[in-house]
Trainee: 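Here it is, the structure, as structure tokens.
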Amino acid sequence: MNARANSGHRDQPSESGRAGGYDLLLDLAVGRDRRVGARAGLEAALREAVRDGRLAPGTLLPSSRTLARDLGLARNTVADAYGQLVAEGWLTARQGSGTRVAARQGVTAVPAAAAAPRGGGTEHGMVPDPVRLPYSLWPGSPDVSAFPRAAWSAAARRALTAAPSEAFGYSDPRGRPELREALAAYLARVRGVRVDPELLVICTGFVQAIGLLARVLYARGGRRIAVEELGFPDTRTLLRVSGLKTVPLALDADGARVDGLGDADAVLLTPAHQFPTGVPLSPERRTAVVDWARATGGLVIEDDYDGEFRYDRQPVGALQGLAPEHVVYAGTASKSLAPGLRLAWITVPPHLRDAVVREKRMADHHSPVIDQLTLAEFIGSGAHDRHVRRMRLRYRARRDRLVATLGERVPSVRVSGIAAGLHAVVELPPAAGPLDALVARARERGLALGDVDLLGAPESGTALVIGYATPPDHAFGGALDLLCEVLAEFCR
Ligand SMILES: Cc1ncc(COP(=O)(O)O)c(C=O)c1O
């Protein structure tokens, strides 16, 4: 039998003798065995917990009175077991500071997870570099050191104070109404999205959203989804594992060639700022894709992952605003705030709503409520706008500096794509050395660059995707210096 005791705490000596600590699962099977006896059973269970690392050195154990009460044993039984284990060196007891787990040599530690493979790149390229190097220009991340901690925690406090008790129960799979209302107003104001809060679904990141949509499409008979020929690799994987066939759309200076949509059932686009080439979808093609959707009943999924960040002009509004009944708009907090929040949202046309909500419910019932309420408060109070404005200035300055510095120090490379977002494509001259060797050289020098095959296509051998937003401010200059030095070595 296992007994759960409200047991020791590592940091808080208990003056009253009551353990204010956490639960500890002690295997008292032996203790219930009459042949062994309660005291021997408790000793064995404690030894085992220390040996396997569940009770770490220094952990404060509950007083004998508390543990005896929690386990239904006599106090003397516990006191005797403690005394025995002190004598054996498993525990230490000092007047006034309670009984603790001793710092023992040779105790088997909790097994460490297998080390992440060195050498960067994971299967999907966009997964953050598992090897921590002093500098990183790995694409896909905002500057997480600039997360607005104080404003976020103030919003969290206000949100928690105002939240009705029912908010802590199971909620609507679409997400909290407070956040859906705040987002509907924000997206209309900032991105020209037209949506009723009833048709918004809060998701655990865009990657969840695309999975839900893919399953809904498949269940409704959809089999082919067009995708830009270069893009975020995880998305394609998710579409494929849902049974859909991905049909590549060629890219040119006007964005995706939507004349290649043919008999696709749906299309996934990054119209504001193609990932990764950085070109926006031209006005003619925006109209063409909406016409295609109207004519065929095909679904357009608009991945507006970094729509808040345009530096050269006012951002172009979302495609969804042109045809809300045919376009699913998807936004995420991963670029504007932090990927660790895992908060994203989609607008769904009315005819898909119930199916999407059902999938969301099956996936995880709903996204975590406290973070949703905090984001609602963060947006409603104006803190989100302030943060985005501040980051826009910062990223714009970094992009300008990247372009100017490369122009000066490595004039043979070219930065392509519009001034927007968190990354830039750096095209290398035809005579440049091999890209994988360049990335490896950068790594040796302490700079993480995106994987060579990040773009998911052979042509990617001629360009790097530089995540200029990734490093903290103080490390940006150093990262840029290293980038220039390595590029200069390979692009003579
Ligand atoms: C183009 C694109 N869309 C979506 C995402 C993922 O967003 P989320 O973090 O919300 O899953 C990324 C992440 O890097 C991305 O590059």
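Read the numbers this way: they start at 1 and go in the same order the structure lists the ligands and their atoms.
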Trainee: Going by the order shown, which atoms of ligand 1 are within less than 4.0 Å of some heavy atom of Asp303?
Mentor: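 Counting from 1, the qualifying ligand atoms are 1 (C), 2 (C), 3 (N), 4 (C).
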Trainee: Under 4.0 Å, heavy atoms only, figure out whether ligand 1 is touched by the backbone of Glu228, its side chain, both or neither.
Mentor: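 Neither part.
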Trainee: Measure Phe232 to ligand 1 on non-hydrogen atoms and call it side chain, backbone, both or neither using the 4.0 Å cut-off.
Mentor: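 The side chain, only.
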Trainee: Is Phe275 in polar range of ligand 1, meaning some N or O pair under 3.5 Å apart?
Mentor: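 So ligand 1 has no N or O lying under 3.5 Å from an N or O of Phe275.
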Trainee: Tell me whether the count of non-hydrogen atoms from other residues, nucleotides or ligands lying under 6.0 Å of CZ in Arg361 goes above 12.
Mentor: no
Trainee: Does Gln208 approach ligand 1 within less than 4.0 angstrom via side chain, backbone, both or neither, non-hydrogen atoms only?
Mentor: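 For Gln208, no heavy atom sits under 4.0 Å from ligand 1.
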Trainee: Could you tell me, atom by atom, which parts of ligand 1 come under 4.0 Å of a heavy atom of Gly205?
Mentor: 10 (O), 11 (O)
Trainee: Could you please spell out the steps behind the side-chain contact (heavy atoms from CB on, under 4.5 Å) verdict for Tyr329 and Trp345?
Mentor: CA-CA 8 Å; Tyr329 171 91; Trp345 38 89; 4.2 Å; yes
Trainee: Would you mind listing which atoms of ligand 1 come within a distance below 4.0 Å of any non-hydrogen atom of Arg342?
Mentor: 8 (P), 9 (O), 11 (O)
Trainee: Can you tell whether the side chains of Asp385 and Arg189 come within less than 4.0 Å, N to carboxylate O?
Mentor: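 Yes, this pair counts.
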Trainee: Check whether Tyr468 forms a cation-pi arrangement with Arg398 (NZ or CZ under 6.0 Å from the six-membered ring centre, at most 45° off the ring normal).
Mentor: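 No, Arg398 and Tyr468 do not form such a contact.
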Trainee: Going by salt bridge (Lys or Arg N to Asp or Glu O under 4.0 Å), name the residues that satisfy it together with Asp259, two or more places apart in sequence or in a different chain.
Mentor: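 Here the qualifying residues are Arg257.
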Trainee: Give the contacting part of Pro339 toward ligand 1: side chain, backbone, both or neither, where contact means a heavy-atom distance below 4.0 Å.
Mentor: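 Answer for Pro339: neither.
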Trainee: May I ask you to check if ligand 1 and Thr332 share an N or O to N or O distance below 3.5 Å?
Mentor: yes
Trainee: Using the ring-ring contact (aromatic ring centres under 6.0 Å, His included) criterion, which residues pair with His423? Sequence neighbours excluded.
Mentor: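 His273, Phe275.
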Trainee: Looking at Arg313, I want to see if its CZ is surrounded by more than 12 non-hydrogen atoms of other residues, nucleotides or ligands under 6.0 Å.
Mentor: yes
Trainee: Heavy atoms only, cut-off 4.0 Å: how does Val207 contact ligand 1, side chain, backbone, both, or neither?
Mentor: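 Within the 4.0 Å criterion, Val207 contacts ligand 1 through backbone and side-chain atoms alike.
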